[in-house]
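Sequential numbering from 1 along the given sequence is applied to the chain's residues. Counting starts at 1 for both ligands and their atoms, following the listed order.
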Amino acid sequence: MFLEEAYERCKKICAEYAKTFYLGTRLMTEERQKAIWAIYVWCRRTDDLVDGPNAVYLSSEALDRWEERTEDIFNGRPYDMLDAALTDTVYKFPLDIKPLKDMIEGMRLDTWKSRYANFEELYQYCYCVAGTVGLMSVPVMGIAPESHLSSQSIYDAALSLGIGNQLTNILRDVGEDAQRGRVYLPQDELAQFGLCDDDIFSRKVTDGWREFMKKQIRRARFYFNQAEEGASQLDKASRWPVWSCLIIYRKILDAIEENAYDNLTKRAYVGKAKKLLTLPQAYTRALSMSNLAFQSNLSCEKHITGGQ
Ligand SMILES: CC(C)=CCC/C(C)=C/CC/C(C)=C/CC/C(C)=C/[C@@H]1[C@@H](COP(=O)(O)OP(=O)(O)O)[C@]1(C)CC/C=C(\C)CC/C=C(\C)CCC=C(C)C
Ligand SMILES: [Mn+2]
């Protein structure tokens with residue numbers, strides 16, 4: 001009863017704060033969706049420590065305490081009801097604590113770092129706050145028994161989806177982040193296009209900015225492409241939400257292009273109708289591995305029978 005109530009609360013939080021993710025989880029088995037809600041809630045609370053309404057009071061001790069609490073969750077000693085849901089999830093699924101600790105490290109980074117010298121530094125940040133979400137999700141979502149890829153390459157694909165998502169968030173939010181004095185863009189690449197922080201603060205969309213943005217969008221798309229094959233190797237029931245997530249995030253990049261690369265004064269937006277339209281598209285993609293497996297069985301049979 002207690003656990004049911006705990007998961008119910010996680011469900012409500014996920015449904016309220018992340019409608020698209022929530023919708024996606026509804027397609028999974030009951031055990032899996034509960035686990036993803038518990039992970040979502042832990043991620044949301046971690047991010048809220050540095051981004052939420054009380055973030056101004058955040059001390060480094062508070063993050064240390066959160067890390068200890070996370071260790072306690074993994075040691076079967078939850079602190080509150082929401083933690084208890086994650087303790088149960090950790091008991092049921094082979095979740096590793098490393099990505100959770102790395103996410104906390106990313107939040108620590110965010111408390112003092114507001115500039116990124118190059119893409120290597122930015123990648124590290126994206127890994128911590130978003131790549132880790134991919135790594136946490138795979139043990140719950142499961143790998144299809146008929147998958148022909150190594151589990152390493154599926155984890156790599158999950159990591160890529162997280163990186164692509166975060167790069168996209170960053171490109172969508174450049175204007176908002178600048179208002180908070182933050183520039184999550186590689187400084188060396190800005191300079192290559194003759195740009196600097198002041199060009200962002202002055203919010204002028206110049207040809208240089210547009211060219212710079214084309215490069216950044218190309219890179220985010222590269223990570224989405226990397227994620228594709230792995231997404232189709234997940235357990236059948238988990239593929240649909242992952243494909244929806246991939247397609248919707250890609251559409252945010254399309255929306256930035258449609259805004260003529262003005263992400264300084266406009267927020268790229270994917271409307272409800274467009275999001276709903278992705279569902280059948282994602283469903284078709286989610287079926288694709290079965291087709292591939294079917295095709296490879298056919299070609300295998302052809303080989304055996306000499307194509308007769
Ligand atoms: C093989 C393969 C492709 C597997 C799929 C693996 C998978 C499910 C990957 C999903 C990756 C994903 C959803 C990443 C989320 C990235 C994200 C939104 C990170 C946000 C970080 C901080 O950014 P910022 O502060 O700039 O953003 P806000 O303005 O505050 O929004 C985060 C906020 C970190 C915290 C992350 C979350 C709260 C989201 C966690 C989501 C899940 C656990 C659900 C994943 C499930 C589905 C169905 C995709
Ligand atoms: Mn945040």
Side-chain angles (χ1 to χ4, degrees), residues 10 13-28 32-53 55 86 89 95 99-100 102-104 106-107 109-111 114 122 125-144 147 149-174 176-177 180 182 184 220 223-235 237-249 252 267 282 285-286 289:
C10 293
I13 295 172
C14 187
E16 190 177 333
Y17 289 92
K19 291 189 179 60
T20 317
F21 285 150
Y22 174 74
L23 196 71
T25 59
R26 298 306 282 164
L27 307 162
M28 297 177 179
R32 283 184 177 145
Q33 51 180 265
K34 280 163 44 184
I36 293 290
W37 297 334
I39 295 173
Y40 174 82
V41 165
W42 181 88
C43 291
R44 183 76 277 150
R45 291 172 107 188
T46 307
D47 186 57
D48 276 354
L49 288 175
V50 289
D51 262 358
L86 190 55
T89 290
L95 230 72
L100 288 88
D102 288 344
M103 183 182 280
I104 297 172
M107 301 303 167
L109 199 68
D110 214 19
T111 59
S114 60
L122 185 64
Y125 170 71
C126 293
Y127 158 71
C128 287
V129 301
T132 50
V133 180
L135 303 186
M136 293 172 208
S137 306
V138 174
V140 172
M141 293 186 163
I143 297 173
S147 165
L149 289 186
S150 66
S151 63
Q152 180 60 49
S153 51
I154 294 171
Y155 275 89
D156 286 347
L159 180 60
S160 292
L161 182 54
I163 302 280
N165 284 354
Q166 188 61 15
L167 289 174
T168 303
N169 271 356
I170 286 173
L171 298 180
R172 184 194 57 196
D173 297 344
V174 176
E176 270 173 39
D177 289 336
R180 300 188 303 141
R182 299 179 171 280
Y184 296 100
Y223 284 99
F224 289 135
N225 293 344
Q226 296 259 91
E228 279 202 2
E229 201 183 1
S232 297
Q233 306 291 316
L234 291 171
D235 189 88
S238 306
R239 275 181 235 152
W240 194 3
V242 171
W243 272 106
S244 314
C245 173
L246 210 156
I247 296 172
I248 290 171
Y249 269 83
I252 299 177
R267 192 174 209 262
R285 297 304 299 258
M289 193 185 67

Subject >> Worked check of side chain to side chain contact (heavy atoms under 4.5 Å, CB included) between Asp47 and Arg44 >> reply: CA-CA 5 Å; Asp47 186 57; Arg44 183 76 277 150; 2.7 Å; yes
**OP:** List the steps, then state whether side chain to side chain contact (heavy atoms under 4.5 Å, CB included) holds for Met136 with Cys43.
**Re:** CA-CA 10 Å; Met136 293 172 208; Cys43 291; 4.0 Å; yes
Subject >> Criterion salt bridge (Lys or Arg N to Asp or Glu O under 4.0 Å) on Asp51 and Arg180, from CA distance to verdict >> reply: CA-CA 11 Å; Asp51 262 358; Arg180 300 188 303 141; 3.5 Å; yes
Original post:
Going through the distances and angles, do Ser232 and Trp243 end up as a side chain to side chain contact (heavy atoms under 4.5 Å, CB included)?
Top reply: CA-CA 8 Å; Ser232 297; Trp243 272 106; 3.4 Å; yes
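Interatomic distance, Ile170 CD1 to Arg182 CZ, rounded to the nearest 0.5 Å: 11.5 Å. One distance of note links CD1 of Ile104 with CG of Leu49; it measures 8.5 Å at 0.5 Å rounding.
For ligand 1, the atoms sitting less than 4.0 Å from at least one non-hydrogen atom of Ile154 are 1 (C), numbered in the order shown with element in parentheses. Atoms of ligand 1 found under 4.0 Å from any heavy atom of Pro241, numbered from 1 in the order shown, are 48 (C). Residue-ligand proximity, Tyr249 to ligand 1, at heavy-atom distances under 4.0 Å covers atoms 18 (C). Within ligand 1, the atoms closer than 4.0 Å to a non-hydrogen atom of Gly230 are 1 (C), numbered from 1 in the order shown. Applying the 4.0 Å criterion to heavy atoms of Gly134 picks out, from ligand 1, the atoms 6 (C), 7 (C), 9 (C). Ligand-side atoms of ligand 1 in range of Asn165: 11 (C), 12 (C), 13 (C), 14 (C), range being under 4.0 angstrom from any heavy atom. Interface atoms of ligand 1 facing Val133, defined by a heavy-atom separation under 4.0 Å, are 12 (C), 14 (C), 40 (C), 41 (C), 42 (C), 43 (C). Short contacts between ligand 1 and Asn169, defined as distances under 4.0 Å to a heavy atom of the residue, involve ligand atoms 18 (C).
For atom 13 (C) of ligand 1, the nearest non-hydrogen atom of the protein is Phe21 CZ, 3.4 Å. Taking atom 37 (C) of ligand 1 as the reference point, the nearest protein heavy-atom neighbour is Cys43 CB, 3.7 Å. Taking atom 45 (C) of ligand 1 as the reference point, the nearest protein heavy-atom neighbour is Ser137 OG, 4.2 Å. Here the protein heavy atom with the shortest distance to atom 30 (O) of ligand 1 is Asp47 OD2, 2.9 Å. Looking from atom 16 (C) of ligand 1 to the surrounding protein, the closest heavy atom is Ala130 CB, 3.5 Å. The shortest contact between atom 32 (C) of ligand 1 and any protein heavy atom is with Val129 O, 4.1 Å. Scanning the protein heavy atoms around atom 44 (C) of ligand 1, the nearest turns out to be Ile36 CG2, 3.9 Å.
Both the backbone and the side chain of Ala158 come within 4.0 Å of ligand 1, counting heavy atoms alone. Of the heavy atoms in Leu246, none comes closer than 4.0 Å to ligand 1.
Under a 3.5 Å cut-off, the side chain of Arg239 and the backbone N or O of Leu234 do form a donor-acceptor pair.
Within the 4.5 Å cutoff, no side-chain heavy atoms of Tyr40 are placed close to those of Tyr22. Inter-residue side-chain proximity for Leu100 and Leu86 is flagged as met; some heavy-atom pair is nearer than 4.5 Å. Looking only at side-chain heavy atoms (C-beta outward), Asp235 and Met28 stay at 4.5 Å or farther from each other. In this structure the side chain of Gln166 reaches within 4.5 angstrom of the side chain of Val129, judged on heavy atoms. The side-chain heavy atoms of Asn169 and Asn165, taken from C-beta on, include no pair separated by under 4.5 Å. A 4.5 Å side-chain heavy-atom check between Arg267 and Asp173 finds at least one atom pair inside the cut-off. Side-chain contact between Leu161 and Ser137: absent, with no pair of heavy atoms (C-beta onward) separated by less than 4.5 Å. Counting heavy atoms from C-beta on, the side chains of Met103 and Val133 come closer than 4.5 Å.
Ring-plane geometry between Phe224 and Tyr249 is classed as tilted, the angle between the planes lying from 30 to 60 degrees on a 0 to 90 degree scale.
Residue-to-ligand polar distances place Gln166 within reach of ligand 1: an N/O pair is separated by less than 3.5 Å. Looking at ligand 1, you won't find any N or O of Tyr40 less than 3.5 Å from one of its N or O atoms. Remark: ligand 1 and Asp173 share no N or O pair separated by less than 3.5 Å (distance only, no angle test).
The shortest separation from a heavy atom of Trp243 to ligand 1 is not under 4.0 Å, leaving the residue out of contact. For Gly24, the closest heavy-atom approach to ligand 1 does not fall below 4.0 Å. Residue contact check for ligand 1: Met141 places a non-hydrogen atom closer than 4.0 Å to it.
Taking the Mn ion (ligand 2) as reference, Asp47 places its N/O/S atom OD2 nearest. Looking only at its N/O/S atoms, Asp51 has OD2 as the one nearest to the Mn ion (ligand 2).
Distance check for Asp48 against the Mn ion (ligand 2): none of its N/O/S atoms falls below 2.8 Å.
Counting protein heavy atoms under 4.0 angstrom from atom 26 (O) of ligand 1 gives one or more.
Heavy-atom proximity to atom 4 (C) of ligand 1, evaluated over Leu161, Leu234, Thr132, is greatest for Leu234.
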